[in-house]
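Everything quoted here is computed from the prediction, not taken from an experiment.
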Amino acid sequence: MQVESTLFSHPKYWATGDSTAPFLPMSRKEMDKLGWDSCDIIIVTGDAYVDHPSFGMAVIGRMLEAQGYRVGIISQPDWSSKDAFMQLGRPNLFFGVTAGNMDSMINRYTADRRLRSDDAYTAGDIGGKRPDRAVTVYTQRCKEAFKDVPVIIGGIEASLRRIAHYDYWSDKVRRSVIFDAKADILMYGNAERPLVEVARRLAAGEPISSLHDVRGTAVIRKDPLPEWRGMDSRKIDQLHKIEPLPNPYGADDVGCANLSGPSDVKIFDNEAPKPISVQPPKPKPWDKTYVLLPAFEKVSEDKYLYAHASRILHQEQNPGCARALFQPHGDRAVWVNPPAWPLNTDEMDAVFDLPYQRIPHPIYGKEKIPAYDMIKTSINIMRGCFGGCSFCSITEHEGRIIQSRSQESIVKEIKDIQEKVPGFTGVISDLGGPTANMYRLGCTSEKAEKTCRRLSCVFPSICGHLGTDHKHTIDLYRAARAVPGIKKVLIASGVRYDLAIEDPAYVKELVQHHVGGYLKIAPEHTEEGPLSKMMKPGMGAYDKFKELFDKFSKEAGKEQFLIPYFISAHPGTTDEDMVNLALWLKERKFKLDQVQNFYPSPMANATTIYHTELNSLKNVKHTSEVVSVPKKGRQRRLHKALLRYHDPAGWPLIREGLTAMGREDLIGNSPHQLVPPEGRNERGPKWMKDANQGQKAF
């Protein structure tokens, strides 16, 4: 996919912008040391400032610094007044506001809507350092501090709230966050490209009110952009076939050259050639086209319209063919431009090769930041995910097109870790990303990649256009292991096992060199009902992967185990489905310590199903499939208890649930039964104690 200019091809804003700050300044004192009288851009973030490429404020800050801008950081400010938002003075160009690496509501509340006491992105793991709906609160304080300074919101919290969306915590549909925050521009996705364009145009003197045409952004407007043609979303609520690319010569019937024409045709002669009329390329059907979505007022009241609008948004995610979206909110509307073009490999390398210190800002002293400790020796090798799992929002944020770094850049970062990370032991904790084994995978058809609107490249089956050769990943693993001083390279990101089994050579490389005894994978469930709503493969792929895993572990003389991850109470899950999953686990003597009830995050397809109880993965009609959704607290607790069938704390609830289902046959002391009868020692009978001493994983 072509773009007009690369990320780092623009002239620097300041001619003296060649130097870099040790850390982006968080105080006036640090600004004075750098000789700054002001900041050009100030980033306000809900996370502690860690100068590491896994932290959004560091990536955005260092990238803007490389463009010649003076960038300051306001981290976890006191939001009770505007004072903390004035500590670095007035920015010359704009405030950039983000809730941090996590959505502030998911960060602060459990799936049961209970307040968390901790925060992995805060020094000391202390909860309460950021407000609910941090993007909205921070933006309002920035506006109070400097009324005339533009505010641009971004990060995952803003990205996943760019149109009207169901909000799990208030159990209602809320407006696009740009309205509540009163921001000037919303950027969605990783946003380096739109951020550079907006910064450059503001620096050139353009008013913020004129920057409504930037890809990867959303703005508030009265009307659609001039010269754009609209179409009603109700006319396109169907999966599209791959659109044919227009002929560059403007003729639909031009085929291959006729090489077997008449023998008297002169190929060369001295006659003057006749003029050839070349027509300009036909416009693509999505160029300068927007889709009119049902208004906020409509989708907040009508669940069919909500499901329909959600479905349209998910179809308009391919930068190659996406149309803009226009959704009225009262007398105004949110205008969502098509997604930004993905970064190419050189641009990805440049972003990750910026001069990160790879440690927290010195202001935190020796306080631990758990999120940093988890990733300080891990390396992000790619972005994006074409899996399309309905409960996950990675695709809606980062896109389906995989953006990969070069092997050279990744090896360079390994050496950087060796030099900069205190106490490095020679172990790289992860080479991964959203998915461990999508590195350099993608569509093998340029035409298909530009025009495809599928929600997933691997569900319900792997697309024939998708390349599944893991050669580049194998080569990367070998190069990483070969770096002098590296003792072990682990893979901690989740492995997409339905892809992995397409290339057994990859499974062998992974199992024999990069598993530290355990490997995480995510079947999510065993039953077809919930799996079909998750857009996940059936257990046949899991069984084949386990067979390969066990085979290659044995060949290497290693005892290794798979750690499967499951979700309870997902839309489409019945009580019977959870009982069958619990029986599957018990049959294999597997006990789950940590389990997760489904968490309806904004904009995820599964959240739409949760809210509407309609199957929005297919065309939405009044005859659409009604989906079973565990919403009530008691049912959600039952599903979670069934995942932990071995925990005596859940036995009373499980007994009650089994009785209600007419499955009293599963209450008893035999190995094929789930829980002992009431009145027995709640620590469990002998057969369960024996199982506790047996196989911990499989």
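- Under the 30°/60° scheme for interplanar angles, the aromatic rings of F545 and Y497 are found to be tilted.
- Using a distance-only test at 3.5 Å, with no hydrogens or angles considered, no donor-acceptor pair links the side chain of R400 to the main chain of R453.
- Looking only at distances, a side-chain donor or acceptor of R116 sits under 3.5 Å from a matching main-chain atom of Y109.
- Remark: E446 engages K450 in a salt bridge, criterion side-chain N to carboxylate O under 4.0 Å.
- Between the side chain of Y542 and the backbone N or O of P537, no donor-acceptor pair lies under 3.5 Å.
- Under the 4.0 Å criterion applied to side-chain N and carboxylate O atoms, E396 and R162 are not assigned as salt-bridge partners.
- Between L592 and H646 the shortest heavy-atom distance is O-CE1, 3.2 Å.
- Annotation: K303, atom NZ; neighbour count of heavy atoms from other residues, nucleotides and ligands within 6.0 Å is above 12.
- For the residue pair D349 and S406, a side-chain donor N or O sits within less than 3.5 Å of a side-chain acceptor on the partner.
- By the 4.0 Å N-to-carboxylate-O rule, D550 lies close enough to K546 to be salt-bridged with it.
- Between D593 and K591 there is no salt bridge, since no side-chain N of the basic residue sits under 4.0 Å from a carboxylate O of the acidic one.
- Side-chain contact between V511 and Q560: present, with at least one pair of heavy atoms (C-beta onward) separated by less than 4.5 Å.
- Classified by interplanar angle (parallel below 30°, tilted 30° to 60°, perpendicular above 60°), the ring pair Y610/F598 is tilted.
- We find that R478 and E509 are joined by a salt bridge, their nearest charged nitrogen and carboxylate oxygen being less than 4.0 Å apart.
- For the pair R405 (side chain) and V351 (backbone), a donor-acceptor distance under 3.5 Å is absent.
- Note: Y477 and H514 meet the aromatic proximity criterion, with ring centroids under 6.0 Å apart.
- S553 contributes no side-chain N or O that, together with a main-chain N or O of E559, makes up a donor-acceptor pair within less than 3.5 Å.
- Counting only distance, with no hydrogens or angles, the side chain of R481 and the backbone of K488 share no donor-acceptor pair below 3.5 Å.
- Side chains of T574 and D577: a donor-acceptor N/O pair is present below 3.5 angstrom, by distance only.
- Across all their heavy atoms, L499 and T468 have their closest contact at CD2-CG2, 3.9 Å.
- The 12-atom threshold is exceeded at CE of M661, counting heavy atoms of other residues, nucleotides or ligands nearer than 6.0 Å.
- For S616 (side chain) and A307 (main-chain N/O), no donor-acceptor pair under 3.5 Å exists by modelled atom type.
- Counting heavy-atom neighbours within 6.0 Å of K631 NZ, excluding the residue itself, gives a total above 12.
- The pair D103-R161 meets the salt-bridge criterion, with a side-chain N (NZ, NE, NH1 or NH2) lying under 4.0 Å from an Asp/Glu carboxylate O.
- Under a 3.5 Å cut-off, the side chain of R637 and the backbone N or O of G650 do not form any donor-acceptor pair.
- With Q635 contributing its side chain and K632 its backbone, the two residues share no donor-acceptor pair below 3.5 Å.
- Without hydrogens or angle criteria, D47 side chain to N101 main chain gives a donor-acceptor distance under 3.5 Å.
- In the displayed structure, K558 atom NZ is contacted under 6.0 Å by more than 12 heavy atoms of other residues, nucleotides or ligands.
- By the 6.0 Å contact criterion, CD on E555 is enclosed, its count of non-hydrogen atoms from other residues, nucleotides or ligands being greater than 12.
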